[in-house]
Amino acid sequence: MGDSAPAPSASAQGDGSAVANGGTMVELQSTSPFQAAAYESFNEPWALAFEPGTGTIFITEKPGTMKFYNPATGTLGTVEGMPSVAYEGQGGLGALAFAPDYAQSRMIYLSWAKQDGEGTKAAVGRGTLVCEQADSCYVDGLTQIWEQSQAMPRPGHYSHRLAFSPDGQYLFVASGDRQAQDPAQDLENNLGSVLRLNLDGTPATGNPFADRGSPTDQVWTYGQRNILGLEFDSSSNLWALEHGPAGGDELNLVKAGSNYGWPTRSNGENYNGDPIPDHTPDDGFAKPAISWTPVIAPGGMAFYQGGMFSDWQGQLLIANLRTQSISRLTVNAGANSADEAARYEFPRRLRDIAVSPDGSIWVIEDGDEGRLLRITPKG
């Protein structure tokens, strides 16, 4: 049970979600408009997602395991049937996402880093989630449906975030530049890109570079570095949250065929101090809606929809690693702009964030004892 309190009681909601009570209170700044309680802790957690219809939280751990936590009962369980992962550097088990038709298909999608010869690749697979006991589930028939077109020796910048289109027809995959930079401007591969696929992992019809053949026919956008957030807003606009180098973290509105400039343009500079030209109005590249220097080092993001924080409807919440904080942004897709309305400090690095069906906010801390935190308004 990690560093949590005894299993909390809960009050069930009519929509099938649940409100967890109890937990260990987390000390925050007195100016924070919310309170946070810690429940379980996890080994290098990377992503969390709510199972549709139940409010149960599923959490991937980078070494290659997946757990789940039921706020209604306080039950912590394990999910078997995970892929073999290349656990090194930034590599390991990555994102999870429930299929658009999950209520009928029970299909779950996973991403991970895999060994390929002397290098590694990001991969995506899907299988059926089976939960026959309160404290255990397994993924049946996990099958790989996509991978990066090149293996790279350095174990970083996999990105491998997942998002489904609001109509449930397409799977979008973030594919990082693998710390190689130049592939992000090379349309002969699928690195440094956001990809638009059918649900079975094949290239979607109508992609902007479909006439160039495989793997370029997967590419929706390119010129991107290391995307750690990929989410649709309530108006069906897709946004990507990207790690810059030394400076220049950025939020981008994802538009088909766009080139976001990496590594030719960045609002940061190389780690060795070598300059990179900043974005300019006439450089021919898509511009970030907002960028950060110094960096926030984002871990994940979620658009808020819920009743607990009514003033935050439609705003973007970002879990930050470097600044150990949550950033709250207003976004304007029509103007391709965003503003950071507030930043709330936390005692540890934050890896990912999600909004519960009951409107509470859940975040997972980074590291080998990363706690699961529930955030609710004060009082």
Side-chain angles (χ1 to χ4, degrees), residues 28-29 31-34 36 47-49 95 159 161-163 166 172 174 194 221 224-244 247-255 258 260-262 266-268 278-279 286-346 349-356 359-366 373 375-377:
L28 303 176
Q29 288 186 312
T31 55
S32 293
F34 47 70
L48 73 159
S159 295
R161 287 285 184 182
L162 309 174
F172 287 81
V194 173
T221 61
Q224 289 150 295
R225 185 174 182 269
N226 188 24
I227 297 167
L228 269 297
L230 191 66
E231 297 286 341
F232 282 91
D233 65 21
S234 59
S235 298
S236 300
N237 301 299
L238 182 59
W239 298 84
L241 186 62
E242 187 170 337
H243 276 232
D249 287 353
E250 56 189 53
L251 176 70
N252 287 300
L253 180 62
V254 179
K255 291 189 174 182
S258 294
Y260 293 84
W262 177 255
S266 173
N267 290 340
D278 288 348
H279 284 281
K287 310 301 186 291
I290 187 175
S291 65
W292 291 268
T293 300
V295 299
I296 57 174
M301 68 180 188
F303 283 96
Y304 186 80
Q305 297 292 333
M308 285 196 184
F309 297 90
S310 57
D311 293 342
W312 295 3
Q313 292 294 331
Q315 295 187 10
L316 182 63
L317 305 177
I318 301 173
N320 298 320
L321 295 159
R322 175 68 63 85
T323 56
Q324 300 181 183
S325 65
I326 291 176
S327 291
R328 178 168 60 86
L329 276 64
T330 59
V331 300
N332 184 332
N336 187 33
S337 66
D339 293 297
E340 188 170 359
R343 188 179 297 182
Y344 309 110
E345 293 185 8
F346 278 73
R349 289 160 53 96
L350 302 181
R351 172 54 68 177
D352 201 12
I353 187 167
V355 180
S356 168
S360 60
I361 299 163
W362 292 74
V363 294
I364 194 78
E365 295 174 334
D366 192 42
L373 311 181
I375 297 168
T376 55

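For reference, positions follow the sequence shown, starting with 1.
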I'd like to check I296 versus R343 (side-chain heavy atoms, cut-off strictly below 4.5 Å). Are they in contact? yes

Within a strict 4.5 Å, meaning less than it, do heavy atoms of the I375 and F346 side chains meet? yes

Minimum heavy-atom distance between A354 and A302, given as atom pair plus value: CA-CB, 4.3 Å

Heavy atoms from other residues, nucleotides or ligands near CD of E345 exceed 12 (cutoff 6.0 Å): no

Pairs involving residues 226-241, ordered by first then second residue, that meet side chain to side chain donor-acceptor pair (under 3.5 Å) (sequence neighbours left out): S159-N226, D233-N237, D233-W239

Side chain to side chain, E340 and L251, heavy atoms closer than 4.5 Å: no

Can a side-chain donor-acceptor contact be found between N320 and S325 if the only test is distance below 3.5 angstrom? yes

Where Y304 and G359 come nearest, the two heavy atoms and their spacing: OH-O, 2.7 Å

Give the minimum heavy-atom separation between E250 and H279, together with the two atoms involved. OE1-NE2, 4.2 Å

For residues L321 and R351, determine if any side-chain heavy atom of one lies less than 4.5 Å from a side-chain heavy atom of the other. yes

I need the minimum non-hydrogen distance between L253 and Y260, along with the two atoms involved. O-OH, 2.5 Å

How about M308 and T376: do any of their side-chain heavy atoms sit closer than 4.5 Å? yes

